[in-house]
Protein chains: 2
Amino acid sequence: MVTMEKFNAHTNQTESHQTLTDKLRGVGLRATRQRLDIGSLLFSGKDRHVTAESLHDEATAAGMKISLATIYNALNQFTDAGLLREVLVDPSRTYFDTNTSSHHHFFNIDNGHLTDIPHDEINVSCLPTLPEGQIIDGVDVLIKIKPKS
Amino acid sequence: MVTMEKFNAHTNQTESHQTLTDKLRGVGLRATRQRLDIGSLLFSGKDRHVTAESLHDEATAAGMKISLATIYNALNQFTDAGLLREVLVDPSRTYFDTNTSSHHHFFNIDNGHLTDIPHDEINVSCLPTLPEGQIIDGVDVLIKIKPKS
DNA sequence: TTTTTTATTTAGAACTATTCTAAACTATTG
DNA sequence: CAATAGTTTAGAATAGTTCTAAATAAAAAA
């Protein structure tokens, strides 16, 4: 069997070093050694979830020399460029809600304001099968909003 | 018009100092001056969203002497007891996802693992009317799971 | 009651994730 | 190549939160 490059279902193109360079240039970022290294870890076919630290550890283990600050920079730049997406987990500035009934929230990313979405105005038809032996602890829906243009 | 105590739709009882004491005792917490003060700010009828800091500022402005550490303690204890609910916003340990398509997540609160929920396995019928002049920036659904008992 | 036990509060230190700073470095442009 | 504009980096700074251990207050026992 011949060695093949991996096919990426999201970008619809093979992920070689060259296309990674193109990908970075395409979003206005210079194809530096560090970004190529980071990109090679992130965009090699399968979908991944990483934190800055986990990625830094991984890069270090792979013998790549990249500072933690650069990892943070790159992750934020990739996210701004739409190459990554942030996942809301494990909040730092924690908001507490006196309404403990099942309901969800609008979060105004412009001014940080949080407002309730009445329980009956949103409907999560939650069919997904849970991983074996697991049960639901809670469901959070956050709709991030911002001022029109 | 006679002064009336506020009626709380959630607890189905009037919110006097006495019922606040009961409320705290009911969840196994001593009715200390600080917790009563904090409770009087939180549970006086209307639903609220607060952070530890905002509540501390508010308490201080109201002439209450409560340390920030105590505010944190109380908010966490109230939350553990089900009197408050945490809202996921403004993450600190940020997770980045290489899958930028619209999809959501399972978060295993036991071991911190994050897994994708395929796009077609969850459905948010999102009817709510947005506040005037606002548009949607993104929707996050996080289903927190844990091991069966 | 008074005493004893146990929970709570607190200031300040510690911690953790993240961003900032400013100097050294590197890619790109002319 | 030289100039310029973007990038990397170590380390300092910041912010939200938790921890520590001593002082205090509430509840239970006597």
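Convention: sequence-line order gives letters A, B, ...; per-chain numbering from 1.
What separates CD of Gln77(B) from C1' of dA26(D) is a distance of 14 Å, to the nearest Å. A straight line from CD1 of Ile71(B) to P of dT8(C) spans 16 Å, rounded to a whole angstrom. For Leu55(A) and dA17(C), the CG to P distance is 15 Å, given to the nearest whole Å. One interatomic measurement links the two molecules: NE2 of His56(A) to C1' of dA17(C), which rounds to 14 Å at whole-angstrom precision. Rounded to whole angstrom, the span from the CG atom of Leu29(A) across to the C1' atom of dT26(C) amounts to 15 Å. Between the CG atom of Asn73(B) and the P atom of dC19(D) there is a distance of 10 Å, given to the nearest Å. If you take CG of Asp37(A) and C1' of dT8(D), they are 13 Å apart, rounded to a whole angstrom. For Leu24(A) and dG6(D), the CG to P distance is 16 Å, given to the nearest whole Å.
Remark: Gln77(A) CD to Leu24(A) CG distance equals 9.5 Å, nearest 0.5 Å. Taken from CD1 in Ile38(B) to NE2 in His56(B), the straight-line distance is 9.0 Å, to the nearest 0.5 Å. Between the CD1 atom in Ile66(A) and the CG atom in Leu55(A) there is a gap of 7.5 Å [rounded to 0.5 Å].
An OP1 or OP2 oxygen of dT18(D) is reached within less than 4.0 angstrom by no side-chain nitrogen or oxygen of Tyr72(B). Proximity of Arg35(A) to the phosphate of dG6(D): no side-chain N or O atom is located under 4.0 Å from OP1 or OP2. Look at Asn76(A) and you'll find a side-chain N or O under 4.0 angstrom from OP1 or OP2 of dT19(C). The phosphate of dT9(C) (OP1 or OP2) has no side-chain N or O of Arg33(B) nearer than 4.0 angstrom.
Of the candidates dG16(D), dC19(D), dT28(C), dC19(D) carries the atom nearest the Ala69(B) side chain, counting heavy atoms from C-beta on. Among the nucleotides dT8(D), dT10(C), dT8(C), the one closest to any side-chain atom of Gln34(B) is dT10(C). The side chain of Thr70(A) sits closest to dT8(D) out of dT8(D), dG16(D), dT9(C). When distances are taken from the side chain of Arg30(A) to each of dT9(C), dA27(D), dG6(D), the shortest belongs to dG6(D).
Nucleic acid contact class of Thr32(A) (heavy atoms, under 4.0 Å, all strands): sugar-phosphate only.
Residues forming a side chain to side chain contact (heavy atoms under 4.5 Å, CB included) with Ala69(B) (at least two apart in sequence, or on another chain): Ser67(B).
Of all non-hydrogen atoms in Phe78(B) and Leu42(B), the two that sit nearest each other are CD2-CD1, 4.0 Å. The minimum heavy-atom distance linking Ala52(A) with Leu75(A) is given by the pair CA-CD1, 3.6 Å.
Of the possible donor and acceptor atoms, one in the side chain of Arg35(B) sits under 3.5 Å from a partner among the backbone N and O of Arg30(B).
Of the residues in residues 60-67 of chain A, Lys65(A), Ile66(A), Ser67(A) come within less than 4.0 Å of DNA chain D through at least one heavy atom, sorted by number.
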